[in-house]
Amino acid sequence: MSELKLYNTLSRQKEIFEPIVKNHVGIYVCGPTVYSDVHLGNCRTFISFDIIYRYLKYIGYKVRYVRNITDAGHLEGDRDEGDDKFSKKARLEQLEPMEIVQRYTVGFHKVMDLFNTLPPTIEPTATGHITEQIRMAQQIIDNGYAYVVGGTVYFDVEKYNKEKPYGILTNRKLEDLLEGTRELGGQDEKKGRLDFALWIKAGPEHLMQWPSPWGMGFPGWHIECSAMSEKYLGKQFDIHGGGMDLAATHHTNEIAQSQACYHVSPVRYWIHTNMLTVNGVRMSKSAGNGFLPEELFSGSHPLLDKAYSPMNVRFFMLQTHYRSTLDFSNEALQAAEKGLKRLWEAYETLTGFVPDNVQPSANNMIDTGLDEKVRKLVGEFDENMNDDFNTAKVLASMFELVPVINSIKDKTITVTSLSTDTLTLMQAKFKSYLEDVFGLKAVNEADNAKLQGVMQLLIDIRKEAKGKKDFVTSDKIRNQLTALGIALKDEKDGGMSYSFD
RNA sequence: GGUCCUGUGGCCGAGUGGCUAGGCAAAGCUCUGCAAAAGCUUCUACAGCGGUUCGAAUCCGCUCGGGACCUCCA
């Protein structure tokens, strides 16, 4: 099998993945800021990393997957003087900040569960790691890369840049970055325009504040990820991920903080996922074009024609590479829905095949050409995932196998055309990929025993009617079931099957 | 202005210089009491203009268009 290659933002090219500790992977992903509902764009990132996490496990790594919950310190405005997002929302709704945090954390977990994403192995919160953040800020001060002004601690970007390239992650020079920044006003207390706060002095109006060596205050946004990733993954770890929008500021600052604190570059591979767009424009909270998962599942959003299931959306996302933007539209979702149905039904059919152990005779010779084609396509699953997690290509290979599966079902091809090994391999790989790596599951839990009994009864009655050429009765059964969203299909061998829309 | 990404057939979308991506839609055929499903077949595109090359969607240059980041956002 080929080696896993992944695109590293730091080098702007695909690199062969080599973990720091053999057989183990440490991965940190920036999680949500829980002051409002997660929208679908947020979900895309977490679903992408869920698949990366699942794949790393699938190829045998022991993975420690840390994804934080930001529940403090994220400022509302673009300056270091705004209120914290939680305080603001809490004041607005007359709630405790922690009630806000709890509500949206629970909501986030519920949505992640609907999308069938696995929980991270550690999910630390910023408020649970205040002392770690204070300690780190202090160390950065002691190392000479931060300074205190009136109870606020600032990171000295220009000093840091003299030793290490500050803009390394997004390939920017400090001078260019400075150009894009406004002049410091008279009110500003920080020395450099790019300096950012590690710790922020709290005023009496701030609802969330903690004691520190510099007085009462709360942590800056970037320090939490540096402190928590170091605590659980070490001073240097394998993979750090997040949305592309975080690279330029948040992740750039994380690198600077960790480097200034521990004198080592914290992350080996930076992975960034691209944005979800609506009509070509990025979905975001501030643009007001966000889709809530609920609106999608219920079809209540004005731009949607109908409801789409979580698995439908997950599949839709798999059809695009994680580093490409993905545009969200009715048409695309409907196409994905039909594609998933076709693929999933083929998968269920495949699962039902029993490998034939009969010795090949003149009548059931193995079709070597077909057998090789199947093996080749199945082999491509791993190859394509190893190529920077190309889920779209894996699905393409799977779809090419669908006609083979359906032809076996229709007896156009005999099961014995494939060797037992090949058939078993195909079954195993489909299961591994669709369920374990892609995290898809059957949309309709049709394994309700009573419902199955009723369906079997209707099928028997219809068969009898058809046998007597009583097509009025047989059509009535089928048509009424269709109206209920149950498709009854006559199979080639005289049997009948059904599926739920 | 700076740093990048991007422009693929009706739509969505993969694409490592030479081999049919794939999905959806559409058309025809087969199967079928009818239908649905399924199978087979058809639709063979790479923004424009130059260049490199035996050969480019893929590399280089220019032009035009779209987007992201540089300020809170996955």
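Chain letters run A, B, ... following the sequence lines, proteins first, then strands; residues in each count from 1.
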Determine which nucleotide pairs with B/C49, using a 3.5 Å limit on both distances of a Watson-Crick or G-U wobble pair. B/G61

A/Phe399 aromatic ring stacked with six-membered ring of B/G23, 5.5 Å and 30°: no

For a quick test of reading the model, state the closest non-hydrogen atom pair linking A/Val38 to A/Pro32 and the distance between them. CG1-CB, 4.1 Å

Tell me whether the side-chain N or O atoms of A/Asp475 pair up with the base of B/G33 as donor and acceptor below 3.5 Å, since no angle test is needed here. yes

Side-chain N or O of A/Asn171 less than 4.0 angstrom from OP1 or OP2 on B/U3? no

On the side chain of A/Asp245, is there an atom forming a donor-acceptor pair with the base of B/C70 - under 3.5 Å, no angle test? no

Phosphate-side-chain proximity, A/Lys411 and B/G39, N/O vs OP1/OP2 below 4.0 Å: no

Consider only side-chain N and O atoms of A/Asn68 and A/Glu123, and report whether a donor and an acceptor are under 3.5 Å apart. no

Side chain of A/Ala335 (C-beta onward), nearest among B/G23, B/A35, B/G15: B/G23

Proximity to the side chain of A/Leu276 - top-ranked nucleotide from B/A74, B/G33, B/U3: B/A74

Is there a side-chain contact between A/Asn274 and the phosphate of B/C5, meaning an N or O under 4.0 Å from OP1 or OP2? no

Taking the minimum atom-to-atom distance to the side chain of A/His321, which one of B/G15, B/G33, B/G39 wins? B/G15

Atom pair distance, as rounded to whole Å: CZ in A/Arg323 and P in B/U16: 10 Å

Examine the base of B/C4 for any acceptor or donor lying under 3.5 Å from a partner atom in the side chain of A/Arg172, and report the outcome as yes or no. no

A/Thr127: which of A/Asp71, A/Thr70, A/Ile69 passes side chain to side chain contact (heavy atoms under 4.5 Å, CB included): A/Asp71

Counter-base of B/G18, judged by Watson-Crick or G-U geometry with both distances under 3.5 Å: B/C54

How many whole angstroms separate atom NZ of A/Lys393 from atom P of B/U20? 14 Å

Would you kindly give the CG-to-C1' distance between A/Leu401 and B/G23, to the nearest whole Å? 15 Å

Nearest-Å distance, NZ (A/Lys338) to C1' (B/A25)? 8 Å

Measuring only the P atom in each nucleotide, how far is B/G28 from B/C64? A whole number of Å is fine. 45 Å

How close or far is atom P of B/A14 from atom CZ of A/Phe389, stated in whole angstroms? 17 Å

Can the ring centres of A/Phe328 and A/Phe291 be said to be less than 6.0 Å apart? yes

OP1 or OP2 of B/A74 under 4.0 Å from side-chain N/O of A/Arg282: no

Counting only side-chain heavy atoms from C-beta out, which of B/A74, B/G2, B/A21 sits nearest to A/Asp176? B/G2

Whom does B/A38 pair with, Watson-Crick or G-U wobble, provided both distances fall under 3.5 Å? B/U30

Which one, B/A74, B/C34, B/G39, comes nearest to the side chain of A/Lys285? B/A74

Both conditions, 6.0 Å and 45 degrees, for the charged tip of A/Arg67 above the ring of A/Phe46: are they met here? yes

How many whole angstroms separate atom CE of A/Met398 from atom P of B/A14? 17 Å

Who is the Watson-Crick or G-U wobble partner of B/G1, with both distances under 3.5 Å? B/C70

Length of the CE-C1' vector between A/Met112 and B/A74, whole Å: 10 Å

Nearest listed nucleotide, side chain of A/Asn42, among B/G23, B/A74, B/G33: B/A74

Just checking A/Phe115 against A/Phe297, ring centres under 6.0 Å apart? yes

Strictly below 4.0 Å: does A/Ser324 bring a side-chain N or O up to OP1 or OP2 of B/A14? yes

Rounded interatomic separation in angstrom, taking CZ from A/Arg478 and C1' from B/G33: 10 Å

Is NZ or CZ of A/Lys306 both nearer than 6.0 Å to the six-membered ring centre of A/Tyr308 and within 45° of the ring axis? yes

Partner nucleotide, any strand, of B/G9 [Watson-Crick/G-U, under 3.5 Å]: none

